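Computed from a predicted model, the values in this text were never measured in an experiment. Below, chains carry the letters A, B, ... as their sequence lines are ordered, and counting in each starts from 1.
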Amino acid sequence: MTLINVLIAGLVLGGTYALVAMGLTLQYGIARIMNLAYGETIIAAAFAAYLLQGALGVNPLLGMLLVLPGGFVFGYIVYGLMMRPLVARSQDRGNLEIDSILATFGLLFVIQGVMLVIFGSNYMSYSFLNVPVTILGANVAANRLLAFVLALTIGLTLYLLLTRTRWGTALRAVAVAPQNAPLVGIDVNRTARFAFALGGALAAAGGVVISMYQTFTATSGVVFTMKALIVVIMGGVGNLLGALSAGLILGLVETGVASYIDPGLTLAATYAIFLAILLWRPQGLFGGAGR
Amino acid sequence: MTARTAIGLVAALAALAILAAAPFFLGAYGVGLLIGLSGYVTLASAWALFSGPTRYVSLATVAFFGIGAYTMAVLSETLPYPLVLAVAALIGLAVALVVGLSTLRLAGVYFVIFTFGLAELVRQLVTWYEVNVTGTLGRYIFMSFGPETIYWQLLALAALTLGLSWWIGRSRLGLALRIIGDDEVVASHCGINIARVKLALFALSAVIMTLVGAIQAPRWTYIEPGIVFNPTVSFLTLIMALLGGANRLWGPVLGAVPLFLLFEWLSANFPNHYSIILGLLFIAIVFVLPKGVLDFVEKAWGRGSSRARNKPDEAGLGELEAGR
Amino acid sequence: MSALLEISGLTKRFGGLTAVDGVSLSLEAGETVGLLGPNGSGKTTVLNMISGYLPASSGAISLGGRRISGLPAHRIAHCGVARTFQLVRILPSMTVGENVAAALAFRRAPLHGAAAAGEARGFLARVGLAGRENEMAADLTYIDQKRVELARALASSPSLLLLDEWLAGLNPTELKVGIDLISDLGRDGLTIVLVEHVMDAIRALCGRCVVMNAGRKIADGATGEVLKDPEVVRAYLGESHA
């Protein structure tokens, strides 16, 4: 692979990671829920896109119009049914963190189990826009390019919404100081629920995007959760632009390792980055914005 | 006190003797159950050994379990059995030291996340090694001994683990753990090397988990990374130890026995919906404990002590908040 | 006689805030020195850096000629530094006796088991808690908890004792007992740094005082003269709640 190929492939992958991580950073940074079932939401959305494309012939772009709201509603319900009671009873953050980790760990098995029952454990993929496009002399599949454009569009839209609108300000206020937000008339519970649901929608978007150019199985959620978490921590918890940049960096590193060292060692490289970040800059690469 | 200890010891030895004799009265199915049971009792006790007093929730159980099982699969043809166990323990120790040295300084939540992904990392590294270095994925293990021998080894390991927990509870290390649990700052100002105490416990617990995997491996006959690095193992171990009481000597045993039987029954009767039921059950557990799992663990600690204790209200969360 | 504690250019920055700014200080063995200054002047931060609770941003601390800055807290404790905390820190799930035994078990010359219990009773008697080793530390009054904390500090057999407002909140009778106790400790050869706002205690206990303001050392000398120093007076009166 030429350098330009690696760079483009890395940015495409990184765009997806960034998209997915933005959802998790909303859930963890604003709603304060460490959601270990996050990757399962992504994979569920990928299966949904697969079904829509394969069974109904709906192309993934249109499918997204269905799956994205689906992810939102799912997040909304999960927060209301599972997380809200945990938040209500926890006196402090430590308790909530452990409870939410354990509860979503259970949820992980439920979602994964349902997918295994329906789809089995085979690798899935479908063909969509699998035609080469030439950019800067490098051949890129159109579906990957589309995935990248989608990831950036959704990510930047979200960023603008959060920084330029009133409820965006409310979300950020809750992220920074949940105990003070009620003083200025912000309903923390509703905001957290909304953020969690929005995170679900982003996970769903990520799932559809992933399904357009990658194979996936019912059990590949864990890896996506891990990668999203790593990007979130790297970018600084609750920091959207941080997640965007960190996602791109991770994508580039993974593609670089896969192309120049060994594809089997990408996860190891990811972990090395994770550890390095945790040890040297646990507040994230880009300072503590959002906290 | 000494009399009570003696009576307890005699009772424990008697129970051990009965359990050791059990294979002579049970069929193959019974022995299979006992293997699984003693395996999980050991895993849960080893988990509690570290996570109980330090309050670090580790999801890395299956990483070590799998390392043990895989070491057995790779080396069983070339090395004598006891040596394979020793090598497995050493590998487990080395991995635990690397992971512990780099992650035990972190806040609790980052530790959870890291251990959550550790099994996946080890699985991919093993896969990579098999594909690139040995060129085979999946291995057969043939052993000259039968399932009874596996069971006796696991039983011995379980007894050893419980004995260790008991001994640590009354040693200087146990005192250090109680002080750390109360107040880490005071602990370090008293001269306790907190990082080393945590690392020692993490390593000890990891080595035991590795040995469980190594001893149990021949039960499968055929092994591949996807089988031995199954995250369900971490999950079951965690909930057994938590429900039984991670801070009591017999807590993990009390949690492991009924839950293991329940899970056996579930997997026999609902093989396809097993993980769904498991997940739902776990969610239910988190909800049933009214003040949260952590609070439950702390309460269990209070009850488990030989002395009447006040509940350490503010002490418990220092760990999780540290470093935030 | 050489200095026991030698501090040079000690600095602590928290982000943009410089809490301690280039403080240098030298303590003879056996001295009892008062460390004064308005709230927020950096006194406790200095203690925190000596005991290893916080790492210094720059500067050096050595004890008996050995550099201790940069060492973790437990190593510094083994070098002979013990302290009490401004907000008392006892081990709440343990008895009074166990609180003291905790220090005995992990000091440089560790003592564990039955011998430790006897030793712990001795330290408790010294701080006025004789016969109360089986009570739960969490059930004691605030003052008695401070005593437990002091007994624990003494049990680690320190050469340097750091007391962070240990006399604050005592009633006049307790204050007198407390001053006598610290004075006894000093007579026994212990080197003591006393962060304190109780001026009577400073005058009674410390031949020498160091005053800090806004992170800097502004005075260092004989107590009587330091307390008359116009800059010290200004630092205190300029602070609304001094």
(Q) Can you tell me which portion of R108(C) sits under 4.5 Å from chain B's heavy atoms? Options are side chain, backbone, both or neither. (A)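 Contact with chain B involves no heavy atom of R108(C) at all.
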
Q: Check each atom of S51(C) against the heavy atoms of chain B and say whether the ones under 4.5 Å are side chain, backbone, both or neither.
A: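 When you check distances to chain B, atoms from both the backbone and side chain of S51(C) fall under 4.5 Å.
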
Q: Could you walk me through whether H74(C) and N193(B) pass the side-chain contact (heavy atoms from CB on, under 4.5 Å) test, one step at a time?
A: CA-CA 6 Å; H74(C) 69 270; N193(B) 187 342; 3.2 Å; yes

Q: Keeping the roles fixed (side chain from D183(B), backbone from L91(C)), state whether a donor-acceptor pair exists under 3.5 Å.
A: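 No, because the side chain of D183(B) does not come within donor-acceptor range (under 3.5 Å) of the backbone of L91(C).
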
Q: Keeping the roles fixed (side chain from R107(C), backbone from G191(B)), state whether a donor-acceptor pair exists under 3.5 Å.
A: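 No.
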
**Q.** Closest approach of A77(C) to C190(B) (non-hydrogen atoms, all atoms of both residues)
**A.** CB-C, 4.4 Å

Q) What are the two closest non-hydrogen atoms of H112(C) and R170(B), and how far apart are they? A) NE2-O, 4.3 Å

Roughly how far, to the nearest 0.5 Å, is the [atom2] atom of [Y] from the [atom1] atom of [X]?
X       : Y       : atom1 : atom2 : result
R75(C)  : S188(B) : CZ    : OG    : 13.5 Å
E98(C)  : I179(B) : CD    : CD1   : 9.0 Å
H189(B) : F85(C)  : NE2   : CZ    : 4.5 Å

Q: Report yes if some heavy atom in the side chain of P92(C) is under 4.5 Å from a heavy atom in the side chain of D182(B); otherwise report no.
A: yes

Q) Side chain, backbone, both or neither: which part of A187(B) has an atom under 4.5 Å from a heavy atom of chain C? A) neither

(Q) Below 4.5 Å, heavy-atom pairs only: which of S156(C), A82(C), A102(C) has the largest tally toward chain B? (A) A102(C)

(Q) Heavy-atom pairs under 4.5 Å with chain C: which of L175(B), V186(B), I194(B) has the most? (A) V186(B)

